[in-house]
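Contents: one structure, followed by commentary.
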Amino acid sequence: MLDLSAFLVGSWSLHRTILSPEGQRWGEFTGSASFTPAGEVLTYGEWGTLRLGGYQGSAFRQLRYQLTGPGQAAVYFDYGDFFHELDLREGHCDTTHPCRDDLYRGEFEVLDADTWWQCWEVFGPTKNHTLRTEFRRGDSGGRGM
């Protein structure tokens, strides 16, 4: 995949499962996402409903994808700090993000023109869980994972 912007720009439905270290479902997030271009930056926003334990409520997140080359971007949190590198030239990417004493290990994969997923495994003294997210164009909420 050489043109990351052409692939990502637009609206997506998403479904995220939140799993314990043992693989038990702790919660889920179901909603919508969009990538909006502004020069060499794609602004990512997601919004929807988070269900975690006994909690259910609205949630929102925003990231910035700074395009750095064909199929590549540096991803930043909305407050400006660096999050991770993304390289989807081969349709797959492994990456990491240190978060204080915890470590996030991320995996991204493009399945086809309308479907991609990411998985973050989080290890450390304060966080220990897995986040699996599937993105789909043109349907509501993605599939359960």
Side-chain angles (χ1 to χ4, degrees), residues 1 3-68 71-88 91-145:
M1 167 182 313
D3 192 341
L4 195 59
S5 182
F7 175 69
L8 292 175
V9 167
S11 297
W12 300 85
S13 62
L14 72 97
H15 183 265
R16 176 175 299 128
T17 55
I18 305 163
L19 303 169
S20 73
E22 297 79 27
Q24 295 174 324
R25 185 180 292 243
W26 279 351
E28 66 180 4
F29 176 86
T30 304
S32 300
S34 67
F35 286 87
T36 306
E40 294 298 307
V41 174
L42 302 178
T43 300
Y44 170 81
E46 68 179 36
W47 54 95
T49 302
L50 174 65
R51 292 171 196 83
L52 186 61
Y55 173 82
Q56 179 174 323
S58 298
F60 175 81
R61 179 179 193 177
Q62 192 170 37
L63 300 169
R64 289 181 307 121
Y65 285 58
Q66 174 69 49
L67 302 175
T68 57
Q72 300 171 304
V75 182
Y76 294 85
F77 294 106
D78 59 347
Y79 54 87
D81 285 357
F82 178 73
F83 185 12
H84 66 87
E85 295 291 339
L86 182 64
D87 184 347
L88 287 174
H92 182 268
C93 177
D94 293 317
T95 191
T96 60
H97 169 71
C99 183
R100 295 180 190 85
D101 294 332
D102 300 321
L103 178 66
Y104 284 66
R105 286 191 208 143
E107 182 179 4
F108 294 71
E109 185 162 353
V110 175
L111 301 180
D112 57 44
D114 297 319
T115 313
W116 63 285
W117 61 264
Q118 62 180 255
C119 181
W120 287 99
E121 292 181 300
V122 187
F123 306 94
T126 62
K127 299 175 189 166
N128 205 3
H129 59 272
T130 299
L131 304 168
R132 292 185 184 154
T133 308
E134 182 177 83
F135 296 83
R136 292 180 153 287
R137 276 194 219 278
D139 83 9
S140 57
R143 292 187 305 215
M145 293 182 65

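For the numbers below, each heavy atom of this structure counts, side chains included, while hydrogens, waters and symmetry mates do not.
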Hey, could you give me the [atom1]/[atom2] distance between [X] and [Y], rounded to the nearest 0.5 Å?
X: Tyr76; Y: Asp81; atom1: OH; atom2: CG; result: 10.0 Å
X: Asn128; Y: Glu121; atom1: CG; atom2: CD; result: 10.0 Å
X: Glu22; Y: Thr130; atom1: CD; atom2: OG1; result: 10.0 Å

Answer yes or no: is there a side-chain heavy-atom contact under 4.5 Å between [X] and [Y]?
X: Thr49; Y: Phe29; result: no
X: Arg61; Y: Phe77; result: yes
X: Leu14; Y: Glu46; result: yes
X: Leu86; Y: Thr95; result: no
X: Ser58; Y: Leu50; result: no
X: Tyr65; Y: Val41; result: no

- Hey, is CG on Asp101 packed in by over 12 heavy atoms from elsewhere, all under 6.0 Å?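 Counting other residues, nucleotides and ligands, CG of Asp101 stays at 12 neighbours or fewer.
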
- Check: Phe83 main-chain N/O paired with His97 side-chain donor or acceptor under 3.5 Å: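 Checking the backbone N and O of Phe83 against the side chain of His97, a donor-acceptor pair under 3.5 Å is found.
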
- Message: Determine whether a donor-acceptor pair (N or O, by modelled atom type, separation under 3.5 Å) exists between the side chain of Ser13 and the backbone of Arg136.
- Response: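 Pair found, side chain donor or acceptor close to backbone of Arg136.
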
- Only one of Trp117, Tyr44, Phe7 passes ring-ring contact (aromatic ring centres under 6.0 Å, His included) with Trp12; say which it is.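 Testing each of Trp117, Tyr44, Phe7 against Trp12, the sole residue satisfying ring-ring contact (aromatic ring centres under 6.0 Å, His included) is Phe7.
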
Taking all atoms of both residues into account, what is the closest heavy-atom pair of [X] and [Y], and its distance?
X: Thr68; Y: Ala73; result: OG1-N, 3.5 Å
X: Gly80; Y: Arg64; result: CA-NH2, 3.9 Å
X: Phe35; Y: Leu42; result: CD2-CB, 4.2 Å
X: Arg137; Y: Gly10; result: NH1-CA, 4.3 Å

Expected list for residues 106-114: side-chain donor-acceptor pairs under 3.5 angstrom, two or more places apart:
{"unit_1": "Glu107", "atom_1": "OE2", "unit_2": "His92", "atom_2": "NE2", "d": "2.9"}
{"unit_1": "Asp112", "atom_1": "OD1", "unit_2": "Asp114", "atom_2": "N", "d": "2.8"}
{"unit_1": "Asp112", "atom_1": "OD1", "unit_2": "Thr115", "atom_2": "N", "d": "2.9"}
{"unit_1": "Asp112", "atom_1": "OD1", "unit_2": "Thr115", "atom_2": "OG1", "d": "3.2"}

- What residues form a salt bridge (charged side-chain N to carboxylate O under 4.0 Å, His left out) with Arg51, not counting sequence neighbours?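 Arg51 satisfies salt bridge (charged side-chain N to carboxylate O under 4.0 Å, His left out) with Glu28 only.
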
- Kindly assign one of parallel, tilted or perpendicular to the pair His129 and Trp26, based on the angle between their ring planes and the thresholds 30° and 60°.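 Tilted, since the angle between the ring planes falls between 30° and 60°.
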
